[in-house]
Amino acid sequence: MNGLPSTMPTTPLLLKSLFNRGSSIQPDNLIIEKTSNGYSTQTYTQHLHQSKALALALTANDPLTSPRIQRGDRVATFSFNTNRHLTCYHAVPLIGAVLHPINIRLGPKEIGYILGHAGDAVAIVDATLLDSFSKVATQDLNQHLRLIVVCGENDTANGWQRSSSAKVLRRKFHNVIDWDEFLAPHHHNSGAYTFPEDIPEHSASGMCYTSGTTGNPKGVLYSHRSTYLHTLAMPSKDNHNLGGADVLLPVVPYFHANGWGIPYVALMLGARILHNSKFTDSTTILQMAVDWGATYSAAVPAM
């Protein structure tokens, strides 16, 4: 006999139970994004419905608009810290796909290499970053990508299609759609949708690539189990000392080591979270902290 079996649960450590928790315990708490003329806000309930709509859009069986993402497929983000980026952090791992935030400060050669090496099937791109993304070589964009989703500026729909960068991108890649247009057909079904529960806990949930190293960037894959355990540890007293009453202002980019795990802990706690989007100057960030009573932030020492 190898030991006496316990009577404890053997439930796999899947991110679904963590990421849906915040919306359950603090449904009316706010997720906030800085915009050019103020702030855009959504409740955790609205965020959950949007996450489910994104999940449905990514996995739908529609040959015209859907990339038909399967388990293990990679979904890249090329984005600032925004409300929609947090939606990707919620939805993509929970459908069994792999979230792949790309460093927005890399050049087109490095971005193209990473897209190809990771085998990204979808790229979700901020409209404010289209100029950088549109410079990626045509062959790199068409190597594996099936769809590019563009998030309108200031957390709004459309408005990017007539830009010179959008025209360049469309000449290189045929299937580009606005975020709101991509999600629109699925909002009415989002309430009844449930994320799957049969994903293996050791399967990949996230992917990050190195930057500033010798040679080509190198990828690291995070599992549901490792991310689950890391997220549980983050609020502890000797770690980040966080709770659901905190107001988080993560200046560290979400593309940098998964934003140090702050998107995950926010989803678990349902804590109020502030996204500075493209506004990276210290004056704006400090004003956000004052406007919303931030109790916690995280950034490199230079900030």
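When Asp246, Thr41, Asn29 are each tested for a side chain to side chain donor-acceptor pair (under 3.5 Å) with Arg272, only one passes: Asn29. Tested against Asn20 for a side chain to side chain contact (heavy atoms under 4.5 Å, CB included), the candidates Leu15, Leu48, Ile25 yield a single pass: Leu48.
Between Tyr264 and His230, the distance from one ring center to the other does not fall under 6.0 angstrom. Aromatic ring centres of Phe195 and His90 lie closer together than 6.0 Å.
Side chain of Gln70 to main chain of Arg68: a donor-acceptor pair is present (N/O by atom type, distance under 3.5 Å, no hydrogens or angles). Side-chain atoms of Asp131 never come within 3.5 Å of backbone atoms of Ser165 as a donor-acceptor pair (strictly under, hydrogens ignored). Ser297 places a side-chain N or O within donor-acceptor distance of the main-chain N or O of Leu249, the cut-off being under 3.5 Å. A distance-only check finds a donor-acceptor pair linking the side chain of Ser23 to the backbone of Tyr44 [under 3.5 Å]. Judged by distance alone, with hydrogens and angles left aside, the side-chain atoms of Arg74 form a donor-acceptor pair with the main-chain N or O of Gly72 at under 3.5 Å. Thr87 places a side-chain N or O within 3.5 Å of a backbone atom of Asn83 that can act as its donor or acceptor partner. Using modelled atom types, one side-chain atom of Asn154 and one backbone atom of Ser36 make a donor-acceptor pair closer than 3.5 Å. Looking only at distances, a side-chain donor or acceptor of Thr210 sits under 3.5 Å from a matching main-chain atom of Lys218. Panel note: side chain Lys278, backbone Phe80; no donor-acceptor pair is recorded below 3.5 Å. Of the possible donor and acceptor atoms, one in the side chain of Thr59 sits under 3.5 Å from a partner among the backbone N and O of Ala55.
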* Report the C-alpha distance between Met234 and Trp260 in whole Å, list the side-chain angles of each, state the deciding distance to 0.1 Å, and finish with yes or no for side-chain contact (heavy atoms from CB on, under 4.5 Å). => CA-CA 10 Å; Met234 283 190 67; Trp260 294 350; 5.7 Å; no

* To do: Apply ring pair (Phe, Tyr, Trp, His ring centres under 6.0 Å) to the pair Phe255 and His85, showing each step before the final yes or no.
  => CA-CA 10 Å; Phe255 62 75; His85 206 172; 8.2 Å; no

* Audit row: Arg146, Asp73, side-chain contact (heavy atoms from CB on, under 4.5 Å) steps and yes/no -> CA-CA 11 Å; Arg146 303 197 289 272; Asp73 283 349; 3.3 Å; yes

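Looking at heavy atoms from C-beta onward, Cys151 lies out of side-chain contact with Thr82 at the 4.5 angstrom threshold. The shortest side-chain heavy-atom distance between Val149 and Val125 does not fall under the 4.5 Å cut-off. Within the 4.5 Å cutoff, no side-chain heavy atoms of Val168 are placed close to those of Leu130. Using a 4.5 Å heavy-atom threshold, the side chains of Asn276 and Thr284 count as separate. At a threshold of 4.5 Å between non-hydrogen side-chain atoms, the residues Tyr296 and Ile262 count as touching. Put simply, the side chain of Arg71 reaches to within 4.5 Å of the side chain of Asp198, judged on heavy atoms. Under the 4.5 Å side-chain criterion, counting only non-hydrogen atoms from C-beta, Lys172 is not in contact with Val136. Proximity of Leu115 to Gln143: side-chain heavy atoms (C-beta onward) are nowhere separated by under 4.5 Å.
Within a 6.0 Å radius of CZ in Arg170, more than 12 heavy atoms belonging to other residues, nucleotides or ligands are found. The neighbour count for Glu197 CD, taken as heavy atoms of other residues, nucleotides or ligands under 6.0 Å away, does not exceed 12.
Met268 and Leu232 make their closest contact through SD-CD2, 4.0 Å (heavy atoms, listed as atom of the first residue, atom of the second, distance). Shown here for Phe173 and Asn175, the closest heavy-atom pair between the two residues is CE2-O, 3.0 Å. Closest non-hydrogen pair, Trp179 versus Cys88, comes out as CZ3-SG, 4.0 Å. Nearest heavy-atom pair across Ala166 and Gln161 is CB-O, 3.5 Å. Scanning all heavy atoms of the two residues, the minimum distance from Val98 to Val92 falls at C-CG1, 3.7 Å. Smallest separation of non-hydrogen atoms from His224 and Ser205: CD2-CB, 3.5 Å.
One finds the CD1 atom of Ile273 at 9.5 Å from the CD1 atom of Ile32 (value rounded to the nearest 0.5 Å). The CG atom of Leu94 lies 11.0 Å from the CG atom of Leu99; values are rounded to the nearest 0.5 Å. Interatomic distance, OG of Ser277 versus CD of Glu33, reported as 4.5 Å (0.5 Å rounding). Note that CG of Leu147 is 6.5 Å distant from CD1 of Ile177, once rounded to the nearest 0.5 Å. Here His174 contributes atom NE2 and Leu141 contributes atom CG; the two are 11.5 Å apart, rounded to the nearest 0.5 Å. Distance CZ/Phe78 to CD1/Ile148: 11.0 Å, rounded to 0.5 Å.
For the 3.5 Å distance criterion, the side chains of Asn81 and His275 fail to qualify, holding no donor opposite an acceptor. No side-chain donor from either of Asp238 and Ser236 sits under 3.5 Å from a side-chain acceptor of the other. Using modelled atom types, one finds a donor on one side chain and an acceptor on the other under 3.5 Å when comparing Asp126 with Ser79. His117 and Tyr209 share a donor-acceptor pair across their side chains, judged by distance under 3.5 Å alone.
Salt-bridge check for Arg84 with Asp180: passed, with a basic side-chain N closer than 4.0 Å to an acidic carboxylate O.
Connection of Trp160 to Val122 is not established within any shared hydrophobic cluster, with ILVMFWY side chains joined at heavy-atom distances below 4.5 Å, either directly or through further cluster members.
The cationic group of Lys34 lies under 6.0 Å from the six-membered ring centre of Phe279 and within 45° of the ring axis, placing it in a cation-pi geometry.
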